Amino acid sequence: QVQLVESGGGLVQAGGSLRLSCTASGIFFSINSMDWYRQAPGKQREWVTTISSSFVTNYADSVKGRFTISRDNAKRTVYLQMNRLKPEDTAVYYCRAERTNTWGQGTQVTVSS
């Protein structure tokens, strides 16, 4: 069974940090590019960042310089380190495995001002 499970969300004050994790099962993790998306209330889901199977990373302009994506293939896990958080980062964060278009269930991040 293909599954992605996110964790690490929570409530944090503006300027704070959180680290999200997404652990995969049932997929050949190391060959997948992995994405993080987010969806704020009343808004469409938006792409945040990607890490390829060769560890190349890309970021949305809104998070560049504040967020860092990384992966540990041995642990079948992708991480999202989020620093200098802003209230506008408040959203449900989802991870996605590109090859199978598999999505996790999401984890809530709330940034208070």
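Predicted model only: the values in this text are computed from it and were never measured. Nothing fancy with the numbering, it's 1 onward along the sequence.
With values rounded to the nearest 0.5 angstrom, Ser21 atom OG is found 12.5 Å from Leu4 atom CG. Rounded to the nearest 0.5 angstrom, Ile69 CD1 and Cys95 SG are separated by 9.5 Å. Once rounded to the nearest 0.5 Å, the distance linking OG of Ser53 with CD1 of Ile31 reads 8.0 Å. Interatomic distance, CG of Leu18 versus CG of Leu80, reported as 9.5 Å (0.5 Å rounding). For the atom pair CD of Gln3 and OG1 of Thr102, the computed distance is 10.0 Å after rounding to the nearest 0.5 Å. Taking CZ of Phe55 as the reference point, atom CG of Asn73 lies at 4.5 Å (rounded to 0.5 Å).
In the hydrophobic clustering of this structure, Val92 does not group with Val63; members are Ile, Leu, Val, Met, Phe, Trp, Tyr whose side-chain heavy atoms approach within less than 4.5 Å, directly or through other members.
Between Ser113 and Pro87 the shortest heavy-atom distance is CB-CG, 3.8 Å.
Between Thr49 and Lys64, the closest side-chain pair of non-hydrogen atoms is not below 4.5 Å. Counting heavy atoms from C-beta on, the side chains of Tyr59 and Thr57 come closer than 4.5 Å. Under the 4.5 Å side-chain criterion, counting only non-hydrogen atoms from C-beta, Val78 is in contact with Ile51.
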Does the side-chain contact (heavy atoms from CB on, under 4.5 Å) test come out yes or no for Arg71 and Met34, once each step is laid out?
-> CA-CA 9 Å; Arg71 65 190 297 160; Met34 299 296 297; 4.1 Å; yes
Chi angles and distances behind the side-chain contact (heavy atoms from CB on, under 4.5 Å) call for Met82, Ser17 = CA-CA 5 Å; Met82 305 185 294; Ser17 299; over 6 Å; no
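Each ring pair (Phe, Tyr, Trp, His ring centres under 6.0 Å) pair with one or both residues in residues 66-108, not counting sequence neighbours, appears once here: Tyr37-Trp103. Annotation: salt bridge (charged side-chain N to carboxylate O under 4.0 Å, His left out) contacts involving residues 93-110, sequence neighbours excluded, comprise Asp35-Arg96.
With hydrogens and angles ignored, the 3.5 Å screen pairs no side-chain donor or acceptor of Arg38 with any backbone N or O of Ala91. In this structure, the side chain of Asp72 engages the main chain of Ala74 through a donor-acceptor pair within 3.5 Å. Looking at Asn32, its side chain does come within 3.5 Å of a backbone N or O of Phe28 through a donor-acceptor pair. Side chain of Arg76 to main chain of Ile27: a donor-acceptor pair is present (N/O by atom type, distance under 3.5 Å, no hydrogens or angles). The main-chain N or O of Thr110 is never found under 3.5 Å from a side-chain atom of Thr90 such that the two would form a donor-acceptor pair. Counting only distance, with no hydrogens or angles, the side chain of Glu6 and the backbone of Gln105 share a donor-acceptor pair below 3.5 Å.
In the model, Thr77 has a side-chain atom that pairs as donor or acceptor with a side-chain atom of Thr23 under 3.5 Å. Side-chain atoms of Thr50 and Asn58 include no donor-acceptor pair closer than 3.5 Å.
Summarising the hydrophobic clusters (Ile, Leu, Val, Met, Phe, Trp, Tyr; side-chain heavy atoms under 4.5 Å, direct or chained), the residues clustered with Leu11 are none.
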